[in-house]
Novice: 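Sharing a structure with you now.
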Amino acid sequence: MELDKQYDPKQVETKWYSLWESEGYFRPRSDFPGAEGLKETSNPYVIVIPPPNVTGILHMGHALNNSIQDILVRWNRMKGADALWVPGVDHAGIATQNVVEKKLAKEKKTRWDLGREKFLKEVWKWKEEHGSTITRQLRRLGASCDWTRERFTMDEGLSKAVREAFVTLYERGLIYRGNYIINWCPRCQTALSDEEAAHKDVQGGLYHIKYPIAGKNGSYEKMGDDHIVVATTRPETMLGDTAVAVNPDDPRYKHLIGKKIVLPLVNREIPVIADAFVDPEFGTGIVKVTPAHDPNDFAMGHRHHLEQVNVMTPDGKINEHGGAYKGMDRFEARKKILHDLEELGLFIKRDSHLHAVGHCYRCDTVVEPYLSKQWFVKMQPLADKALKAHEQGKTVFSPDRWTKVYLNWLHGIRDWCISRQIWWGHQIPAWHCKKCQAADIGGRMEDGVKPGSSPSAIRHPSFDGIIVARETPKECPKCKGKDLVQDPDVLDTWFSSWLWPFSTLGWPEKTGDLKKFYPTSDLVTAPEIIFFWVARMIMAGLEFRGEVPFRRIYIHGTVRAASGLKMSKSLGNSIDPLEVIDEMGADALRYSLVMLSAQDVYLSREKFEMGRNFTNKVWNACRFVLMQLEDFKDGSVDPGQFKKETLSLPSRWILSQFEEKAAEIERYLGQFGLAQAAGELYHFVWDDFCDWYIELAKPMVQGQDAALKHQTQQVLFFVCERILRLLHPFMPFVTEEIWQKFKEKAKGTRWPKTLMLAPWPCDAGRRFGDAAAQKAIGILQKAVSGIRDLRSRFRIAPANKLKAVVACKEEATREVLRTFEREVKVLARLETLDCVLEFRKEGAMVANAFPEFDIFISLEGILDLGEEKKRLQKKLQETEQWITALRAKLEKPSFAEKAPQEILEKEKEKLEDAKKLLVSYQSQLASLG
RNA sequence: GGGCAGUUAGUUCAGUUGGUUAGAACGCUUCCUUGACAUGGAAGAGGUCAGAGGUUCGAGUCCUCUACUGCCCACCA
């Protein structure tokens, strides 16, 4: 692309991305023979991508997450590491199945019409057609993933890993199957894990209902006072009540314990039991007990050997146990039941009640606590290993506060329900021998145990008719029968995701990648995924590989809309990152996101302008440098040739400044301070390099002094090219485009083919540290700004060239300003600049005061001195106050005694400066009359 | 109910281990199309750092309490 005034991302992004990819630069260096001198590196840097959902599209959260990862990977790659970033997507069982089912619904078909096999074919077809949307979008973002290693959780290799993991856990006694209350989504018709049931506060009702005491009259129409009152939020579950419970110590109800109650509508006699779980303070102090529809009741039911009556069908309708209500939807039944109770005079009242209700995280349907037979992973032993690894300092979270969140979850770990009653996913590698297992069909109860805890011992030593195996078994090992049926359930998608750090590297095969790249270096992800994924990956890593899967975990902020709400499509407040890329470029998107990422990222469209403006600034600064370099042949700049004695002060300054900032950026990057690093870089490039160095370089480059010109060109080239390297991880496209032009200037020297592989420009040592130059440029900046300020205050047109006099308070200052005479004249638009030690004011002049010098310009009668007088008086007053405060501080004995010496010195210096200023203001004021 | 964050300029946020007269971006005011850049340059206005105590020579920064906001977790029906 020609060096137009405006940077146009469209012209370069695809070009460079496809070059990088096709030349294989995204692969680890050890994989491509062409990389100079880096064939065998012993420092791998590896990240695995948090696999996005195959149905997903790139949203801002992904854009932030992947920008951060790409910066880290590109940075490490430039540092010479054997950098690997493994991409991939997960199969998102429920979500993908939902998508395909919706598609079928348009043709008025269900998955049942097709049957399992055909349906799965449809899903695969959908995946082939649409499943790569998100990875295409990641390419637009510039993500330098090694696409040759891209993985999918349903791949052959990863499926093998899943099977291996399942069977291994089973063999270790960590997988069991049983009837428990799980979270059931009636719409998706599958079990969910606890993490997949998102609790939301809902303003619901607490319904008070009379239950008659059995016996006296035999029917509740005439019961009089012989009733109790229960309070419930889900009246429809009363159809499955098998007891009523009170607290054993509740004096109000002690006499009822052991009596019978007649369950209204169902007319079943149920006992009153005593259980310490019941809180006498809540509701009426009496709880209806529904063991098949509530986890607490399930536990209570088990303690008291109560019958479990399941009153619902998998799609959330009342079943045959619900008598007259059979076939009604659960919420419909709720209404009808309340209505019927009211007719019977049994309904007392509805209190408004705020409580947390589980919602399916995929379809937002209210989840039903539901008794069913599922597969579980016994988590305590896995969590213990993770806790131990933490004690050994192997899991390092950044920011550190997430450690606590993680540990809390591990401490309260509950068993993981891993079976799903859907078709898209890894079918459970368990086969049922029909002959041996006849009794097991039909949901026979196994011994119930309090939900959330594991059975004390897993019971599968005695054969229960289930064969769990890596390979499909041919016959039952016990009865030799051939009538084997694979368990129809599939595994939770997270059961494949938790293996991701090593399954993507080839496990369970013993691959070279696994050996070289495991454990990985960093994991970068969002906080909401700590439980779902991070914690489980750590557990899996320890269980299957004996080692944590990554050394550090960086948890970045959540992307929110400016309103503060989470950005989501359903709320209609999302900004499409692809649109931003189209409008402003991937570099602008990346830089803006990262700059804002110090904490949660609140976005609005305008925020991206910062990144866009900055990329454009970089573009133009480089364009200027290239223009200055037209007659410049020597691109092989060796920093060794820069000698302090021969360099100009501005050049010494920018080199010193560059080195300092580069070190700081390096430091920030090393501790995941990407926002700070980006901020430093932004200000260094914009303020130091563009606003000062380039402006100072102009007169030197355009002047007559050939040696100075050449030297300045060299420094411009040197610093600018290194700036491009520092910027590259953050904004890979512009920097590559313009760096290639720099490369053309450097004919004859060996540069890498791409900026991606240029060395990171941060050396350990300080070669250019230069306090004297820093100080000198400080004085120059003050002088120039001082004059500009006067010009602005007195409204002097830029065309009006001024005569300025600097009254220096020390000879050293005068020396500095004399060497900068030409620069100051250009930058402040002066006709003359006199540097003096003794100054006598003549005529109308105004001044700006600094501790080191006062700077005057003459004004020929144009102005209003009254304003200036007022301003000076104000300044004078401020300075007096400041001096008083400083004196007080210094004279305070406790301060003089206790403060460290260097602070003391600084304060004294401040006082001296303040005094000098005061004198300046006084004399100026006096001269104004 | 438990936990975690946040409260600093009109707005959105920085502010490392306590140590210059608290910074930036956007917005605002004034001036400037000077050959890198108007997606720009120069100058400026704008803050009792949520409130109250405490520790310290010194607190935006550490401690305690209070108020508000947001998030996460939790089986009180």
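Chain naming here is simple, since letters A, B, ... match the order of the sequence lines and numbering starts at 1 in each.
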Novice: Who is the Watson-Crick or G-U wobble partner of B/A67, with both distances under 3.5 Å?
Specialist: B/U7
Novice: Run the ring-centre check on A/Phe730 versus A/Phe614 and record whether the distance is less than 6.0 Å.
Specialist: no
Novice: Measure from the side-chain N and O atoms of A/Arg252 to the backbone N and O of A/Gly285, and report whether any donor-acceptor pair falls under 3.5 Å.
Specialist: no
Novice: Give, ordered by number, those residues of residues 580-592 of chain A having at least one heavy-atom distance below 4.0 Å to an atom of RNA chain B; if nothing qualifies, reply none.
Specialist: none
Novice: Less than 4.0 angstrom between a side-chain N/O of A/Ser785 and OP1 or OP2 of B/A43, yes or no?
Specialist: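 Yes, because at least one side-chain N or O of A/Ser785 sits under 4.0 Å from OP1 or OP2 of B/A43.
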Novice: Evaluate whether atom CZ of A/Arg871 has more than 12 neighbouring non-hydrogen atoms of other residues, nucleotides or ligands under 6.0 angstrom away.
Specialist: yes
Novice: Between the base of B/U39 and the side chain of A/Gln6, is there a donor and acceptor pair under 3.5 angstrom?
Specialist: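 It does, because a donor-acceptor pair links the side chain of A/Gln6 to the base of B/U39 below 3.5 Å.
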Novice: Partner lookup for B/C37, please. Criteria are Watson-Crick or G-U wobble with both distances under 3.5 angstrom; report none if nothing qualifies.
Specialist: none
Novice: A/Lys889: which residues meet the salt bridge (charged side-chain N to carboxylate O under 4.0 Å, His left out) condition with it, sequence neighbours left out?
Specialist: A/Glu907
Novice: Scan A/Gln676 against the nucleic acid and name what it touches under 4.0 Å (heavy atoms): base, sugar-phosphate only, or nothing.
Specialist: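 A/Gln676: backbone/sugar contact only, no base atoms under 4.0 Å.
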Novice: Checking A/Arg234 side chain against A/His293 main chain: does a donor-acceptor pair fall under 3.5 Å?
Specialist: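 Here the side-chain-to-backbone pair exists.
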Novice: Does A/Asp789 offer a backbone N or O that forms a donor-acceptor pair with the side chain of A/Ser792 under 3.5 Å?
Specialist: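 No, A/Ser792 side chain to A/Asp789 backbone: no donor-acceptor pair under 3.5 Å.
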Novice: Between the base of B/C37 and the side chain of A/Lys5, is there a donor and acceptor pair under 3.5 angstrom?
Specialist: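 Such a pair does not exist between side chain and base.
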Novice: Would you classify A/Lys404 as touching base, sugar-phosphate or nothing, given that sugar-phosphate means primed atoms plus P, OP1 and OP2, and contacts are heavy atoms under 4.0 Å?
Specialist: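 Answer is sugar-phosphate: A/Lys404 comes under 4.0 Å of backbone atoms only.
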